[in-house]
Amino acid sequence: REPSEEQVGVLLDLYNEQRSVYESDAEGAQSLIGTIFKEDLQAHATPAETAAWIVVANVLLNLDGALTRG
């Protein structure tokens, strides 16, 4: 299903908040990103941006709608 504007806003707020956190914590961002594809990622996004998107992805993947129960 398509997300509502409010849901998109919440996720964008989370992304912006986490990007700010990781901009001031470069070591934490690198730790979260790890070493896989590190060089490829740097061509497209800063470590802070990548770490923030990882946080957003984790939130999305942990929503009830994404989880299979049974």
Side-chain angles (χ1 to χ4, degrees):
R1 71 170 175 81
E2 292 287 322
S4 69
E5 287 186 31
E6 180 182 1
Q7 291 169 325
V8 171
V10 169
L11 290 173
L12 286 174
D13 289 345
L14 174 64
Y15 167 77
N16 288 321
E17 175 188 306
Q18 291 300 304
R19 189 186 68 214
S20 293
V21 167
Y22 285 115
E23 283 173 347
S24 62
D25 183 13
E27 187 176 307
Q30 287 297 334
S31 176
L32 181 59
I33 294 168
T35 57
I36 300 173
F37 303 116
K38 184 173 154 184
E39 293 78 21
D40 292 337
L41 289 172
Q42 289 175 354
H44 302 286
T46 66
E49 291 168 332
T50 302
W53 281 121
I54 289 171
V55 171
V56 171
N58 283 329
V59 166
L60 290 171
L61 291 171
N62 281 298
L63 292 173
D64 284 341
L67 296 174
T68 330
R69 298 181 190 261

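Atoms considered below: every heavy atom in the structure, side chains included; atoms not considered: hydrogens, waters and symmetry mates.
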### Task
Return the set of residues passing salt bridge (charged side-chain N to carboxylate O under 4.0 Å, His left out) with Glu17 (not counting sequence neighbours), or none when no residue passes.
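So Glu17 forms no salt bridge (charged side-chain N to carboxylate O under 4.0 Å, His left out) with any residue.
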
### Query
Is there a path from Val21 to Leu32 through hydrophobic residues (I, L, V, M, F, W, Y) whose side chains come within less than 4.5 Å of each other?
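Result: no, two separate clusters.
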
### Query
Do Leu14 and Ile54 share a hydrophobic cluster (ILVMFWY, side-chain heavy atoms under 4.5 Å, transitive)?
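Yes, it is one cluster - the side chains of Leu14 and Ile54 are joined through contacts under 4.5 Å.
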
### Message
Minimum heavy-atom separation for Arg19 and Ala52, please, with both atom names.
### Response
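Reported closest heavy-atom pair: N-CB, 3.5 Å.
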
#### Entry: Fellow cluster residues of Leu12, listed by chain then number, with links counted only when side-chain atoms sit under 4.5 Å apart
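Besides Leu12, the hydrophobic cluster comprises Val8, listed by chain and residue number.
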
### Task
Name all residues meeting the side chain to side chain contact (heavy atoms under 4.5 Å, CB included) criterion together with Leu11; count only those two or more places apart in sequence or in a different chain, and write none if there are none.
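Leu11: side chain to side chain contact (heavy atoms under 4.5 Å, CB included) contacts with Val56, Val59, Leu60.
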
### Task
Starting at CD of Gln18, measure out to CH2 of Trp53 and round the result to the nearest 0.5 Å.
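If I round to the nearest 0.5 Å, the distance is 12.0 Å.
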
### Query
Rounded to the nearest 0.5 Å, what separation is found between the CD atom of Glu23 and the OG1 atom of Thr46?
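The distance works out to 6.0 Å.
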
### Message
Using only atom types and a distance under 3.5 Å, with no angle test, would you say the side chain of Ser20 pairs donor to acceptor with the backbone of Asn16?
### Response
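Indeed, once roles are kept as given, a pair shorter than 3.5 Å links the two residues.
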
### Message
Quick check: do Tyr22 and Glu49 have side-chain heavy atoms less than 4.5 Å from each other?
### Response
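Tyr22 does not reach Glu49 side chain to side chain.
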
